[in-house]
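In this chain, residues are counted from 1 in sequence order. As the structure lists them, so they are numbered: ligands from 1, and atoms in each ligand from 1.
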Amino acid sequence: MSSDDIAVHVPASVAGDWFRSAVVYQVYPRSFVDSDGDGVGDLPGVIGKLDYLHDLGVDVVWLSPVYRSPQDDNGYDVSDFRDVDPIFGTLADLDRLIAGLHARGMKLLMDLVVNHTSDEHPWFVESRSSEQNPKRDWYWWRSSRPGHEAGSAGAEPNNWRSAFSGPAWEYDDRTGQYYLHLFSPKQPDLNWENADLRSAVYEMMRWWLDRGVDGFRMDVVNYLSKEVSLPDGPTDPETRYGDGSRHYVCGPRIHEFLHEMHRNVFQGRTGEFLTVGEMPGVTVEDAILFTDPARGEVDMVFQFEHVMLDLEDGDKWRPRPLELTRLKASLGRWQEALADRGWNSLYWGNHDAARAVSRFGDDGDHRVQSAKMLAGILHLHRGTPYIYQGEELGMTNMRFAAIEDHRDIEVLNHHHEATTHLGRTDAEVLAAVAPLNRDNARTPVQWDATCGAGFSTGLPWIGINPNADRINAASQVNDPDSVFSFYRRVIALRHEDPVVADGDFMMLLPDHEQVYAFRRALPPVEMLVLGNFSAVEQSVEVGDPTWAEADQILGNYPMESTLRLRPWEFKAFRRSSRR
Ligand code: NOJ
């Protein structure tokens, strides 16, 4: 087939958006670099690695929260939106980070956590002080269920479960009412129905933009609008509570709120900005609306469909093998749906997920090949790719020997609930949480083979993966065959070749159980991309054997002109019909 057979459509509304050819790198600061030896990563540590990031070639850094916070959920519980927590440094450090990034042509995305605050945020302190306080309505306060005594078991206003186990309500005896917390009790949910609260958030966002940040990654932003009657959800015998998600995932006013935010924060501002909404449970139909530039909501969303396929009933503690055909069907559907309007984000992992190579590749014998293959496949989709720190080194999951080695509130609370209320043994729970718990991705970045892995000279807040002696940046940055060097090449390809940023996407071989194959096209150029998701050699038939004669522009084995794929092999071919 020649490229002339392809109807290529590049929508005028978004063509030229700078982020189409950009790559974002996520820094989870607590685990990046510790400059002062207290065992926790910090902003001076990030500043010290700006040349590393620049050398890798990324365009944007997304910084997980560094705001003042009691750190109940590692900073996703903010007690002051306009200051830096002392464990990470100072506002002056943040200004230096912004300046250092800008000086190198990179941008900074702040994490924006406004579905909830910390219970130590002054807004909540005021809100809980009395029912008459003007900030009372900034959070969700409700009385106990009728007929139940406030504070007694089962008296919560509804049956919703919190994401971190237990009920989503906390009783507060100061006023005899409960407040809603979809996450920990130290993360009360903000009530976005209140217009004053919304204005205060927009003002804070403008303050950050005035300071020089280039946009926001918006934490669970599709939870902002709740059905105000807060109805019960379907009950779940496993957790003893109900699932309220249908009443707050993409709730009734969510598009209105995000449009209002966009109008109040970004409209009329000159510059190049980026907004990405983290949206668990978002459907592709909704994502089209959220990211349609004409609607002025967000530039792209983090969707979760492709990271739910290896879970039984969506339960991360019940992992199951991933079927490649389902992964292709899902990602392919998102590619197709957002081809004309809107834009995709692309990711394998982040600070809430397992390490990409352990989850989707082979972190044993084929670690290097499979880490590169995953990078090649993801980055050559249409959309903006996100790299999670250490992914560019092929860092792997960590084996935690005991629950005491864990630090994450989610896994600790689950372990407690499962062993005390659900009759599971410690060993059963540890085995169940091993593949997907969030601490896997939160072990320190492995910079070198020294004792603290170049992360810290002190006692790290969480264990360092013992494989740091083999898997580390120092051994990779100057090695042309390393995972790092491969990432560098695939990032450069997006910058240099418009077919990557702008070309149409066509999934091939949807039913093949081991091979991921697709074509990109921006006439007269087209690209064929192949990845073997197995250790078994594959002969690939894409209906056009002449592809083997095209230029192979990227691969993770010594190049050869065939459509055969060795274990976990990745190949990208490019040709132009004007030959
Ligand atoms: C999503 C964040 O990525 C996660 O780390 C956090 O625990 C929850 N939102 C709550 O803020």
At what distance is the nearest protein heavy atom to [atom], and which residue and atom is it?
atom	value
atom 8 (C) of ligand 1	F183 CE2, 3.8 Å
atom 3 (O) of ligand 1	D352 OD2, 2.4 Å
atom 6 (C) of ligand 1	D73 OD2, 3.3 Å
atom 2 (C) of ligand 1	D219 OD1, 3.0 Å

- request: Compute the ring centroids of H306 and Y347, then answer whether they are less than 6.0 Å apart.
  value: yes
Subset of ligand 1 atoms that lie under 4.0 Å from at least one heavy atom of [X]:
X	result
R438	4 (C), 5 (O), 6 (C), 7 (O)
H116	10 (C), 11 (O)
F164	7 (O)

- prompt: What part of R442, side chain from CB on, backbone N/CA/C/O, both or neither, has a heavy atom under 4.0 Å from ligand 1?
  reply: side chain
- prompt: Using a heavy-atom cut-off of under 4.0 Å, does the side chain or the backbone of H351 touch ligand 1, or both, or neither?
  reply: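 Answer for H351: side chain.
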field: Within-4.5 Å side-chain heavy-atom neighbours: W461 and N74
entry: yes
Side-chain touch L63/L109, heavy atoms, less than 4.5 angstrom: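 L63 vs L109: side chains apart.
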Residues D17 and R20 bridged, charged N to O under 4.0 Å: no
query: Between K316 and E410, is there a salt bridge with N-O shorter than 4.0 Å?
result: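 Between K316 and E410 there is a salt bridge, with a charged N closer than 4.0 Å to a carboxylate O.
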- prompt: Is there a donor-acceptor pair closer than 3.5 Å between any side-chain N or O of W62 and the backbone N or O of V27?
  reply: no
task: Measure from NZ or CZ of R359 to the centre of the six-membered ring of W348, then state whether that distance is under 6.0 Å and the direction lies within 45° of the axis.
output: no
message: Between ligand 1 and R217, can you find any atom pair, the residue atom being a heavy atom, that is separated by under 4.0 Å?
response: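 For ligand 1, residue contact (heavy atoms, under 4.0 Å) with R217 is present.
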